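In this text the structure is predicted, and so the values were computed from the model without any measurement. Residue numbers start at 1 and run along the sequence shown. Both counts, for ligands and for their atoms, begin at 1 and track the order of listing.
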Amino acid sequence: MFYGKRWDRDRSGHIRLVHLDTVNSTNDYAFEHTAGGSGSDTRFLLESTKNCIAVIADNQTGGHGRLGREWVSYPGGSLTASFAAAIPQEAVTKGYSNWLTVLAGVAAADSLEDMFVSCSGASQPEDTASALPGGSDRRNNSGAAIPVPASLKLKWPNDIYMDGRKLGGILIRLGTDSLDGGSDRDTSREGTAAAGRGEPMVLAVIGIGINCAVPAEKFNGFDATSLSSVMDVPAAGPSFAAFRDGLAESIAVRLSQMLSDFKSSPSETCRYLRNRAEKLDFLRAQPVTVSLPSGETFTGTAKGISADASLTVGLEDGSRRRITVGDVSAGVPQPAQHTIHTVTVNSTVNKGR
Ligand SMILES: Nc1ncnc2c1ncn2[C@@H]1O[C@H](COP(=O)(O)OP(=O)(O)OP(=O)(O)O)[C@@H](O)[C@H]1O
Ligand SMILES: O=C(O)CCCC[C@@H]1SC[C@@H]2NC(=O)N[C@@H]21
């Protein structure tokens with residue numbers, strides 16, 4: 001049972017919002033309170049493909065990225081939120097869950113782009129609405145692209161970039177226990193066995209951190225940026241909380257819809273995500289340096305995301321390698337200059353912590 005303040009603000013009733021004043025990590029908290037599988041929160045998640053619990057903290061004291069690396073947040077200036085949902089175990093065994101990080105990145109990028117568009121005063125035509133929301137393809141009624149005052153990108157595997165710097169990050173944690181799915185599960189899911197009552201499900205926690213207005217000196221030297229560099233963000237206090245919660249809720253609504261699509265049509269949704277990820281790809285066509293855990297290092301050109309959500313790198317001899325584990329830096333080493341951005345490339349999904 002969650003002990004934070006809870007309110008159901010989503011009109012559909014599919015999203016429960018939980019607000020915490022201070023927590024070590026929203027990811028750890030959401031995981032601990034749902035993965036056990038017996039409480040009312042877990043039952044809620046198992047009841048419907050669209051159900052999702054969003055845990056939002058005012059102050060996160062021990063936020064982390066992959067491999068326990070520090071995630072900096074600032075009370076009154078950061079969005080630190082984790083979204084818990086149940087996904088079919090079969091999606092995990094078939095490898096689809098590697099796409100969850102991209103799904104979360106697309107949800108965040110679409111919500112942020114919408115916010116930029118509304119801040120810039122441009123109207124979004126209703127006919128752009130689609131079952132799977134697309135952000136970069138927005139057009140006005142005469143077909144012209146709607147201006148977005150900042151360039152949002154996803155840097156594989158788990159970073160959100162704005163104007164060339166890191167704005168946010170995503171951390172997925174999957175449960176290992178198999179839980180019984182509820183009765184509203186779609187029984188027509190492609191490529192899967194009948195998915196009615198009792199279909200095995202696993203808990204997924206999708207953690208998202210976004211720098212809304214973090215003072216530069218708080219970044220501990222990380223090459224990071226905040227939304228406040230391109231737009232007015234309300235000062236700390238109730239106005240900031242409303243701004244942050246609005247953004248978190250917008251992301252939650254998108255996640256709920258995309259997760260539901262993912263559960264009912266995993267391969268189709270992954271194709272859609274691959275398409276969106278291609279448009280949002282920060283590394284695409286850039287020279288990169290890859291360091292594998294074995295100690296091997298090589299350079300190449302990022303060629304985009306593969307069908308299994310790994311990164312494809314083109315080598316000088318024309319061959320290609322798929323990277324699932326290792327370190328990738330944008331840029332190649334120069335005699336007098338070293339790497340610019342470093343990404344640890346690992347499985348995009350952490351099983352356990
Ligand atoms: N608030 C923040 N904004 C931007 N970057 C941050 C912030 N807090 C920490 N970081 C960076 O994110 C990293 C944690 O992320 P993670 O362990 O998932 O690695 P990563 O995504 O490969 O990182 P990166 O590509 O940024 O080096 C930290 O090591 C730090 O470099
Ligand atoms: O390093 C990254 O790029 C991923 C960082 C993920 C940070 C978010 S903030 C909310 C949630 N709680 C955590 O401890 N981590 C994630």
I'd like to check which ligand 1 atoms, numbered from 1 as shown, lie under 4.0 Å from a non-hydrogen atom of [X].
{"X": "Glu70", "answer": "8 (N), 9 (C), 14 (C), 28 (C)"}
{"X": "Asp159", "answer": "21 (O), 24 (P), 25 (O), 26 (O)"}
{"X": "Ala224", "answer": "3 (N), 4 (C)"}

What residue and atom, counting heavy atoms only, is the protein's closest point to [atom], and at what distance?
{"atom": "atom 9 (S) of ligand 2", "answer": "Gln60 NE2, 3.4 Å"}
{"atom": "atom 15 (N) of ligand 2", "answer": "His64 O, 2.9 Å"}
{"atom": "atom 2 (C) of ligand 2", "answer": "Asn158 ND2, 3.5 Å"}
{"atom": "atom 10 (C) of ligand 2", "answer": "Thr26 OG1, 3.2 Å"}
{"atom": "atom 7 (C) of ligand 2", "answer": "Trp71 CG, 3.5 Å"}
{"atom": "atom 8 (C) of ligand 2", "answer": "Gly209 N, 3.6 Å"}

Within reach of ligand 1, part of [X] (heavy-atom separation under 4.0 Å):
{"X": "Val72", "result": "both"}
{"X": "Asn158", "result": "side chain"}
{"X": "Trp71", "result": "both"}
{"X": "Asn211", "result": "side chain"}

Numbered atoms of ligand 2 (with element) below 4.0 Å of [X], judged on heavy atoms:
{"X": "Ser25", "value": "12 (N), 13 (C), 14 (O)"}
{"X": "Gly65", "value": "1 (O), 4 (C), 5 (C)"}
{"X": "Gly63", "value": "14 (O)"}
{"X": "Asp159", "value": "3 (O)"}
{"X": "Asn27", "value": "11 (C), 12 (N), 16 (C)"}
{"X": "Lys166", "value": "1 (O), 2 (C), 3 (O)"}
{"X": "Ala81", "value": "10 (C)"}
{"X": "Ser82", "value": "11 (C)"}

Worksheet item: Purely on distance, is any nitrogen or oxygen of Arg66 under 3.5 Å from one on ligand 2?
Response: no
Would you call [X] and [Y] a side-chain contact if the rule is heavy atoms closer than 4.5 Å?
{"X": "Asp159", "Y": "Leu154", "result": "no"}
{"X": "Thr80", "Y": "Ile56", "result": "no"}
{"X": "Val23", "Y": "Asn59", "result": "no"}

Worksheet entry | side chain to side chain donor-acceptor pair (under 3.5 Å) between Gln60 and Thr26, intermediate numbers included | CA-CA 7 Å; Gln60 181 173 255; Thr26 55; 3.3 Å; yes
Hey, what do you get for [atom1] ([X]) to [atom2] ([Y]), rounding to the nearest 0.5 Å?
{"X": "Tyr74", "Y": "Phe219", "atom1": "OH", "atom2": "CZ", "result": "11.0 Å"}
{"X": "Ser226", "Y": "Lys218", "atom1": "OG", "atom2": "NZ", "result": "12.5 Å"}
{"X": "Ile87", "Y": "Ile206", "atom1": "CD1", "atom2": "CD1", "result": "8.0 Å"}

Worksheet entry | Lys/Arg-Asp/Glu bridge criterion (N-O < 4.0 Å) met for Arg276, Asp281 | no
Worksheet item: Thinking salt bridges, do Lys263 and Glu90 make one under a 4.0 Å N-O criterion?
Response: no
Discussion item. Quick check on Glu316: does its CD atom have over 12 non-hydrogen neighbours (other residues, nucleotides or ligands) under 6.0 Å away?
Written reply: no
Worksheet item: Does a sphere of radius 6.0 Å around CG in Asp232 hold more than 12 heavy atoms from other residues, nucleotides or ligands, not counting ones at 6.0 Å or beyond?
Response: no
Item to complete: Begin from the C-alpha positions of His19 and Asp245 and carry the test side chain to side chain donor-acceptor pair (under 3.5 Å) through to its verdict.
Response: CA-CA 9 Å; His19 179 267; Asp245 290 356; 5.3 Å; no
Worksheet item: Only one of Asp223, Thr225, Asn211 forms a side chain to side chain donor-acceptor pair (under 3.5 Å) with Arg165, so which one is it?
Response: Asp223
Discussion item. Check the orientation of Phe262 and Tyr96. Use parallel for under 30°, tilted for 30 to 60°, and perpendicular for over 60°.
Written reply: perpendicular
Practice prompt. Answer yes or no for Arg69: is there a heavy-atom contact with ligand 2 below 4.0 Å?
Written response: no
Worksheet item: Where the closest heavy atom to atom 23 (O) of ligand 1 is concerned, which of Arg69, Arg66, Lys155, Lys166 has it?
Response: Lys166
